[in-house]
Structure formats: C-alpha cells, structure tokens
Enquirer: 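Handing you a structure now.
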2 protein chains.
Amino acid sequence: MSVTPAPETTDQTHRDSACAAADPRIDALVTELIGRVADKWTMVLLELLEERGEMRFTQIARAVPGISQKMLTQTLRRMERDGMVCRTVHAVVPPRVDYRLTSLGESLGEAFCGVWLWAEQHLARVEQARREFDER
Amino acid sequence: MSVTPAPETTDQTHRDSACAAADPRIDALVTELIGRVADKWTMVLLELLEERGEMRFTQIARAVPGISQKMLTQTLRRMERDGMVCRTVHAVVPPRVDYRLTSLGESLGEAFCGVWLWAEQHLARVEQARREFDER
DNA sequence: CCGTATCCTTGCCGATACTG
DNA sequence: CAGTATCGGCAAGGATACGG
C-alpha cells in the first residue's frame, strides 16, 4: 500500500471519536498489520488452535477442509514469524511437529473472538440483506 | 471453499472452549462470512465511516490513499449488499452520493475495534518477533 | 510425516477510456 | 461527480513431484 501522509484539509470533526491512532504514520503501520493479520486462513487457524490447543501439522490439515498444504505451511510460517505461534520439532521418526499459540497469538485470538461472535449472531441478517439487494 | 462435513474421529477435548459454533455447517457459513468481511478494504472503510459518519464518494476516495476507484466502488457495493452501509443518491447536478453505516455496519465496526486496538498495542512486539525470526 | 521446489492456471486489481 | 466497461500484468494459490 502506498503510504502517502495525506494532508487532509477537509472536515476533521468526528476525528478521534473511535479507535484510530492520532499519528497517520502509526495508522498506516497498523493498517498494514491488519491487512496481513486479517487474512482468512490466519483467522481460521487462530480460532482452531485456540479451541484445540497444541496440534500437529496433519491434524490441522485435516481439521481445516479446503486449505491446501501450501497455504497451510505458508500461513503457519507467517504466524510463527509474527510471533503468534510456537513451532516445536520433535527429533523422532516419523518426524512430528507441534504448533501452539503464544500468548501474543492468544491475545489476538481473543480480539478476533468478537468478530466471530458478531458473524454468528448476525449471519441471518446479512443473508437476508443480500437476498433483498439481489432482487433488484 | 469446499464444505466437507468432516467426520473428525480425533481428539474432541478442548471443544466448546472458545467461541466456535457447535454445528459444523454453521461453522462453515460463519467462516465464509468472516472471509468476506475480513477483507482489508472493508475493515478500513468500516473504520473510516465509523470515525467520520456520513461521507460522499470522492471524500472517501481522498481519505483512503492507495485504494483505486474500482476497489472503492466494489467494496462499497459489497458492503451495501451485505447491509453494512446505506447508499443515498441525491438527484442533483453534479450528482451526489452519500454513504453511511447502518446499525449492522456499526456493530461490526465495534467488533473489529478490538482487533484495531490489538494491532496498535502489539505492533512493536510483532515487529520485534519478525526481526528475531528473520536473522536465522 | 513434514515440509520445499516447480510449474501453471486463475482471477485480482490497477490503468484507462467512456457514460449519465 | 459517480460511476461502468474493458484490457492486461502479475501474483496468489492449487497440483504435483521430490527431499530430510
């Protein structure tokens, strides 16, 4: 994303009414982080690991139908890099690798929990809105 | 996404510990909804409209550097279809179109607020985790 | 079992041009 | 001003094969 400072001469009322950062540079960084973290598979894995605790690779793969092995590896690596999950390799044959959430990952999971709850609660309303919109 | 019921014979402990639905079919629908709603631009527009209240098309475009006109239209349409935003066309020349959050959109914005706060609070920690991971 | 490497298709998204 | 339409590049992501 291009990170233009955005002079913004227009209407500044309503500013600071919600949860935005004051500094536009911070805002841009946060936006970038949100963009990476609010990925579909990241949210799903976060949820799964929060529910089940420690899991191994194939166990996760089986629990998430629709994900390819590539995407799973990729997402787990990114989450590990971001400090969300901890990866433990056991030196046995056949190899065994366990994944679990770090405290950072857990805290993000809790933050997303509100979104999951929202989705569950308002699912019917969204579907109805779509039907109404589509018949036009 | 393929919506396999997933028999899941394995470990069911930890189940219902978090915020997941009991029914895997509901779970799949919620996951689909999350996938659509957790889009980067959706989150940004939600945030923006929550902060600023009613805004017109170009005003939004100027406030969100990096978004193309196409993506803006597309995202706004999808949000309108999902019942998140209300679109008001004023019959004047030059044309004027206002966008504002519906109560549904506002509630989603509040749910995401937790994620924004998390991102602001833990940004430094994530960046540090990345640096540590990268030097290996 | 747990990955990485490679190819290859699909569709996203930006750029541009055009209407009401 | 607020869009729709069309084209093209490019990168995300699936399928497959192979390595530790």
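Just so it is clear, the structure is predicted and the values come from calculations on it, not from any experiment. A note on names: the letters A, B, ... follow the listed sequences, proteins ahead of strands, and every chain is numbered from 1.
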Enquirer: Rounded to the Å, how far apart are A:Arg78 CZ and D:dA12 C1'?
Expert: 10 Å
Enquirer: Whole angstrom is fine here: how far is it from CG in A:Leu76 over to C1' in C:dC1?
Expert: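 So the two atoms are 15 Å apart, to the nearest Å.
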Enquirer: If I compare all heavy atoms of B:Thr102 with all of B:Gly83, which pair ends up nearest, and what's the gap?
Expert: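 Looking at all heavy atoms of both residues, the closest pair is OG1-O, 2.6 Å.
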Enquirer: Looking at B:Gln69 and C:dG14, is any side-chain donor or acceptor paired with a base atom of the opposite kind under 3.5 Å?
Expert: no
Enquirer: To the nearest Å, how far apart are A:Arg77 CZ and C:dG3 C1'?
Expert: 7 Å
Enquirer: Tell me the interatomic distance from B:Asp98, atom CG, to D:dC1, atom C1', rounded to whole angstroms.
Expert: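 Nearest whole value for this atom pair: 12 Å.
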Enquirer: How long is the line joining CG of A:Leu72 and P of C:dG3, in whole Å?
Expert: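 That distance rounds to 9 Å.
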Enquirer: Hey, which of these two, B:Lys70 or B:Arg56, hits DNA chain D nearer its 5' end, going by closest nucleotide?
Expert: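 So the residue in question is B:Arg56.
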Enquirer: Just how far, in rounded Å, is C1' of D:dC1 from CZ of B:Arg96?
Expert: 11 Å
Enquirer: Is there a side-chain polar atom (N or O) of B:Arg87 under 4.0 Å from OP1 or OP2 of D:dA2?
Expert: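 No.
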Enquirer: Calculate the interatomic distance between B:Arg62 atom CZ and D:dC1 atom C1'; express it in whole Å.
Expert: 11 Å
Enquirer: Going by atom types only, do A:Arg125 and B:Ser107 share a side-chain donor-acceptor pair under 3.5 Å?
Expert: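 Result is no, nothing qualifies.
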Enquirer: Side-chain contact, heavy-atom cut-off 4.5 Å: B:Phe112 with B:Thr42?
Expert: no
Enquirer: Is there a side-chain polar atom (N or O) of B:Thr58 under 4.0 Å from OP1 or OP2 of D:dA2?
Expert: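 Checking D:dA2 against B:Thr58, a side-chain N or O does come within under 4.0 Å of OP1 or OP2.
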Enquirer: Of all the choices, C:dG3, D:dG13, D:dG3, which nucleotide is nearest to the side chain of B:Tyr99 once you look at every atom?
Expert: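 Selected nucleotide (nearest to the side chain): D:dG3.
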Enquirer: Nearest whole Å is fine: how far is C:dC13 P from B:Gln74 CD?
Expert: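 It is 7 Å, rounded to the nearest whole Å.
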Enquirer: Hey, which sits more toward the 5' end of DNA chain D by its nearest nucleotide, A:Ser68 or A:Pro95?
Expert: A:Ser68
Enquirer: Do A:Leu76 and A:Arg87 make a side-chain contact, defined as non-hydrogen atoms from C-beta onward lying under 4.5 Å apart?
Expert: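 No, their side chains stay 4.5 Å or more apart.
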Enquirer: Do the non-hydrogen side-chain atoms of B:Val115 and A:Val115 ever get within less than 4.5 Å of each other?
Expert: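 Heavy-atom side-chain distance check passes, below 4.5 Å.
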